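Start at 1 and go down the list; that is how both ligands and their atoms are numbered. Please read these numbers as outputs of a predicted model, since none were measured by experiment.
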Amino acid sequence: MNTLFEVNTLDLTLERFPCSNDENLQAWDSADQYVLEHIEQLADKPNNILIINDTFGALVCGLAQYDITAQSDSYIAKQAYFYNIERNNLTSSYQYINQLHQVTTPPDLVVLKLPKSNTMLIEQLTQLANVIAPSTTVIGLAKAKDIRTSTLALFEKYLGTTTTSLAKKKSRLIFCQPQADKLNKNLTTQIKKWSINKPALSISNLPGVFANTSLDIGAQLMIENIPQNIGYASVIDLGCGNGVLGLAAAAMNPDAQVTFSDESFMAVESARLNVGNNIEQPQRCDFMWNDCLTDIEFDSVDWIICNPPFHQLQTITDHIAWQMFNDAYRVLKRGGTLRIVGNRHLGYHIKLQRIFDNCTTVASNGKFVILEAVRR
Ligand SMILES: C[S@@+](CC[C@H](N)C(=O)[O-])C[C@H]1O[C@@H](n2cnc3c(N)ncnc32)[C@H](O)[C@@H]1O
């Protein structure tokens, strides 16, 4: 992995999280470089900057000489900011806030890296409308292909006058100057809802959470194969999203203790909301914002259920699935079981066989397979 990021007068050493040996992966992109060079050239320098959705800390480190607040939904991003700031010996008056925590004073400059989903972009623009002043400058950044007319229309609708830069190394910047008459201070987070019948669950989704508008088809097969008659067992819904798998496990096993874990803050908060709305004894459930199963005690859990992600940001990768399966092996009790759903072509059985030395097919359909591995 290339770790040397040269920008303006800085030579930064930046790591992706988790660290990768893939030479094609690095912790920054050309949009990060573009915006940092642009800010360096501003005649009127900002005092304080709000950075939203920085991926691994390239922006946080590149702007460390300012008074910065970094907001992100991702636990992994948060870890990367701390790590990369320390690694580069940057003394910064840096503050981290999660996705539902709003700043209270209007920043001079907002640097917003476009999130993956439009629902998250709308959430972030409405949050900004609540806090920024017409004097705040907002700069968006992304790969040019991800900046569509509809993206610019959202900046116009929620904030104000919007233009774009020329493309440079396939990235572009969005320049937005808020207008007082557009900054609606009364908008709140939009929650999307859907339900399933078996078991009966009504699911609420905060913006940006996986399967925002309907049940994922892989998750559907997993729900048909949720472990049953497990008594007082402990269960972790690993990569819980809105928590639909863990909710099904809790609904079908009224004595089980269920932990919902995800690296997305909005996902964990959606799962918490859904437990409150669906589970009669919510004290059986707890919640963890975490990278896979980091710091969970060895040999401590009976069941882990999981619908693993197969990409990180825009990169298709199996390293998170690997990390999840390895963490599951470490955390499961002897005799404990990992049950997963995966697209057939992903070949998860090879990984499970290698880590657990066993793997059984529990169910399958044309597209998905449910696999199970027992820690012996
Ligand atoms: C395919 S979705 C499954 C969501 C939900 N379980 C379902 O079936 O609808 C994968 C989930 O894994 C989460 N995730 C990705 N990387 C993670 C990591 N390193 N640690 C924990 N969760 C992670 C994502 O945020 C996402 O919610």
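- Between D302 and K333, at least one side-chain nitrogen of the basic residue sits less than 4.0 Å from a carboxylate oxygen of the acidic one, meeting the salt-bridge criterion.
- For F17 and F56, the gap between ring centers reaches or exceeds 6.0 Å.
- Taking the centre and axis of the six-membered ring of F298, the NZ or CZ atom of R330 falls outside the cone set by 45° and 6.0 Å.
- A salt bridge is defined here as a Lys NZ or Arg NE, NH1 or NH2 lying under 4.0 Å from an Asp or Glu carboxylate O, and K116 with D73 fails to meet this definition.
- No side-chain heavy atom of L10 sits under 4.5 Å from any side-chain heavy atom of N88.
- L273 pairs by the side chain to side chain contact (heavy atoms under 4.5 Å, CB included) definition with I191, S204, N277, not counting sequence neighbours.
- A distance limit of 4.0 angstrom between heavy atoms and ligand 1 selects the residues I76, F210, A219, G239, C240, G241, V244, L245, D262, E263, S264, N290, D291, C292, N307, P308, P309, I320, M324.
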